[in-house]
Amino acid sequence: MKLGEIGAVLERMAPTELAADWDNVGLLAGDPDQPIRRILLTIDLTGPVLAEAKRLKAGLIVAYHPPIWEPLKRIVAGRGPAPLLYEVVRRGMAVYTLHTALDAVRGGVNDLLAKLVGIVNPQILQAQDVQTGAYCKLVVFLPESDQERISEALFAAGAGRIGAASQYGRCSFRCRGVGTFQGDAASHPTVGRPGRFEQVEEIRLETVLPTARLAAAVQAMLAAHSYEEVAYDVYPLLKAPQDAGLGRYGDLAEPVPAAELIERIKKALKLPTVGLIGPARRIVRRAAVGAGSCGFLLRDVI
């Protein structure tokens, strides 16, 4: 498969938009058009891991932790903040990372940990933030005579396109209402007279568009509008909340002593030791889990 095709599969499994804002996930090195015949999975890209990938002739390394955390100023063999990347790129290999995207997604690392602990119907401990998306809504008020001219100008500027799996174009919503205004003596209203309070039937036209196209759309709308002063609004659109986030919590299927729960965790994760703070005989009825250090999640647990 091509690297880009594999990346699309990984994106569906663990959408990169679910990652924490401080994280760095997705394709970090490689050519999306390069063919991949063998993949190596790992937690960290280390020297021994890279040597194993070279020995196995793996074209792609899928790592949990990203080898690039901060912006790079140089990639030099054996030096710098990410010395292994030089060798990865030189050999035509690729690196893709998952980290907190795989933690947050339903069915990911945190849900697996919850299942191992015995949590029934696990709930998200820290929900994914609702962030401003890449789209906005433009609302403009206009006389009916301007309706089609302004609509076409906005559509030509990139507005009115919605849909993911299916694409729809020229989308808008329109409703009638009454606009009021009173221009001063120097005004030149398209409807009514200067200095007089006017009530005019107008159309409210609203449509969505990429924020990157907003300036061009506003310019096209103003050029097509017949009013001397145009009333319009721009609303940033938020991404819809997703059923994803960091950590999980919930009731256990059966209450158990903390010591017994610790043994269950050690066996499931094949751990020689597990740290414990508090009495080992305490009965645990509700538990929380989190992949990684998770210190910032403690305030959500206590």
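The model shown is predicted, which means the values in this text are computed figures rather than measured ones. We number each residue from 1, following the sequence as shown. The figures here come from the full heavy-atom set of this structure, side chains too, leaving out hydrogens, waters and symmetry mates.
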Point to revise | Hydrophobic cluster membership, L246 vs L102, 4.5 Å side-chain cutoff | key: no
Check your understanding: For T46, does its backbone N or O pair with a side-chain atom of D44 as donor and acceptor, under 3.5 Å?
Key -> no
**Study point:** Minimum-distance pair of heavy atoms, taken over all atoms of A94 and G30
**Key:** CB-CA, 3.9 Å
Review point. V230, I150: one ILVMFWY side-chain cluster at the under-4.5 Å cut-off?
Key: yes
Practice item. Mind running salt bridge (Lys or Arg N to Asp or Glu O under 4.0 Å) on E87 and R91 for me, showing each step along the way? Key: CA-CA 6 Å; E87 191 68 15; R91 291 182 170 271; 2.7 Å; yes
Check your understanding: Is any side-chain heavy atom of W69 less than 4.5 Å from a side-chain heavy atom of W22?
Key -> yes
**Study point:** Basic-acidic side-chain contact under 4.0 Å: E148, R174
**Key:** yes
Exercise for review: Please assess R161 against Y168 for the test side-chain contact (heavy atoms from CB on, under 4.5 Å), listing each intermediate value before the final yes or no.
Suggested key: CA-CA 6 Å; R161 297 173 187 169; Y168 291 83; over 6 Å; no
Practice item. Spell out, as yes or no, whether a donor-acceptor pair under 3.5 Å connects the side chain of R264 to the backbone of V117. Key: yes
Review point. Just wondering, more than 12 heavy atoms not from M13 lying within 6.0 Å of its CE?
Key: no
Review point. Is it the case that one hydrophobic cluster holds both I43 and L271, taking links as side-chain heavy atoms less than 4.5 Å apart, direct or via other members?
Key: yes
**Study point:** salt bridge (Lys or Arg N to Asp or Glu O under 4.0 Å) between E144 and R176, intermediate numbers included
**Key:** CA-CA 9 Å; E144 186 172 3; R176 297 179 182 274; 3.0 Å; yes
Review point. With the 4.5 Å side-chain cut-off for hydrophobic clustering, are F155 and L214 part of the same group?
Key: no
Check your understanding: Are T180 and Q199 close enough that some pair of their side-chain heavy atoms sits under 4.5 Å apart?
Key -> yes
Exercise for review: Give the intermediate values and the outcome of side-chain contact (heavy atoms from CB on, under 4.5 Å) for residues I61 and Y96.
Suggested key: CA-CA 6 Å; I61 299 173; Y96 192 104; over 6 Å; no
Revision key, fill the gap. One should read off an interatomic distance between R282 CZ and L276 CG, to the nearest 0.5 angstrom, of 10.5 Å
Practice item. Could you go through the side-chain contact (heavy atoms from CB on, under 4.5 Å) check for Y232 and V218 one step at a time? Key: CA-CA 9 Å; Y232 67 93; V218 170; 3.7 Å; yes
**Study point:** Min side-chain heavy-atom separation V89-I75 under 4.5 Å
**Key:** no
Practice item. Specify the closest pair of heavy atoms between S151 and L205, including all atoms of both residues, with the distance to one decimal. Key: OG-CD2, 3.6 Å
Practice item. Rounded to the nearest 0.5 Å, what's the gap from CE on M221 to OG1 on T207? Could you check? Key: 11.5 Å
Check your understanding: Rounded to the nearest 0.5 Å, how far does CZ of R281 lie from CD of E260?
Key -> 14.0 Å
Review point. Does the H225 side chain pair with the main chain of A220, one donor and one acceptor, at a distance under 3.5 Å?
Key: no
Practice item. Say whether, by atom type as modelled, one donor and one acceptor occur between the side chain of Q34 and the main chain of K2 under 3.5 angstrom. Key: no
Point to revise | Spacing of H99 atom NE2 and L18 atom CG [to the nearest 0.5 Å] | key: 14.0 Å
Review point. So, does T97 use its side chain to make a donor-acceptor pair with the main chain of N24 at under 3.5 Å?
Key: yes
**Study point:** Neighbour count >12 (heavy atoms, 6.0 Å) for atom OH, Y86
**Key:** no
Review point. Looking only at side chains, do E202 and Y227 share a donor and an acceptor under 3.5 Å apart?
Key: yes
Practice item. Output, in order, the C-alpha distance, side-chain angles, deciding distance and verdict of side-chain contact (heavy atoms from CB on, under 4.5 Å) for V208 and L237. Key: CA-CA 9 Å; V208 296; L237 299 181; 3.9 Å; yes
Practice item. Verify the distance criterion only: is there a donor paired with an acceptor across the side chains of E228 and S187 at less than 3.5 Å? Key: no
Check your understanding: Is it the case that more than 12 heavy atoms not belonging to E152 sit under 6.0 Å from its CD atom?
Key -> yes
Check your understanding: Are the side chains of V284 and P255 in touch, meaning some heavy atoms are under 4.5 Å apart?
Key -> no
Review point. Quick one: does R213's side chain have a donor or acceptor within less than 3.5 Å of a partner on A157's backbone?
Key: yes
**Study point:** Modelled atom types, side-chain donor and acceptor of Y64 and D103, under 3.5 Å
**Key:** yes
**Study point:** Flag side-chain contact, heavy atom, 4.5 Å: V105 against P15
**Key:** yes
Review point. Between the main-chain N or O of N121 and the side-chain N or O of Q123, is there a donor-acceptor pair closer than 3.5 Å?
Key: yes
Check your understanding: Are V256 and I119 linked, directly or through other ILVMFWY residues, by side chains that come within less than 4.5 angstrom of each other?
Key -> yes
Check your understanding: What's the shortest heavy-atom distance between A244 and I124, and which atoms?
Key -> N-CD1, 3.3 Å
Review point. Quick one: does D33's side chain have a donor or acceptor within less than 3.5 Å of a partner on G4's backbone?
Key: no
Review point. Is the shortest side-chain N to carboxylate O distance from E198 to R196 below 4.0 Å?
Key: yes
Exercise for review: Report yes if the side chains of R204 and E206 come closer than 4.5 Å at any heavy-atom pair, otherwise no.
Suggested key: yes
Review point. Within a radius of less than 6.0 Å around CZ of R193, do more than 12 heavy atoms belonging to other residues, nucleotides or ligands occur?
Key: no
**Study point:** Inter-residue atom distance E229.CD - T190.OG1, 0.5 Å rounding
**Key:** 10.5 Å
Review point. Under a 4.5 Å cut-off applied to non-hydrogen side-chain atoms, are T42 and V62 in contact?
Key: no
Check your understanding: Within a strict 4.5 Å, meaning less than it, do heavy atoms of the V289 and Y249 side chains meet?
Key -> no
Check your understanding: Looking only at atom types and distance, does a side-chain atom of D184 sit under 3.5 Å from a main-chain N or O of A186, one as donor and one as acceptor?
Key -> yes
Review point. Salt-bridged, R285 to D251, with N to O below 4.0 Å?
Key: no
**Study point:** Nearest atoms (heavy-atom pairs only) where R248 meets P122
**Key:** CB-CB, 4.0 Å
Review point. Do you know the tightest heavy-atom contact between P32 and L27?
Key: CG-CD2, 4.2 Å
Check your understanding: Does T100 use its side chain to pair, donor to acceptor, with the backbone of A20 at less than 3.5 Å?
Key -> yes
Point to revise | NZ on K137 to CG on L209, rounded to 0.5 Å | key: 11.0 Å
Review point. Got a sec: does the NZ of K54 have more than 12 other heavy atoms crowding it under 6.0 Å?
Key: yes
Review point. Which heavy atom of L60 sits nearest a heavy atom of I6, and at what distance?
Key: CD2-CG2, 3.8 Å
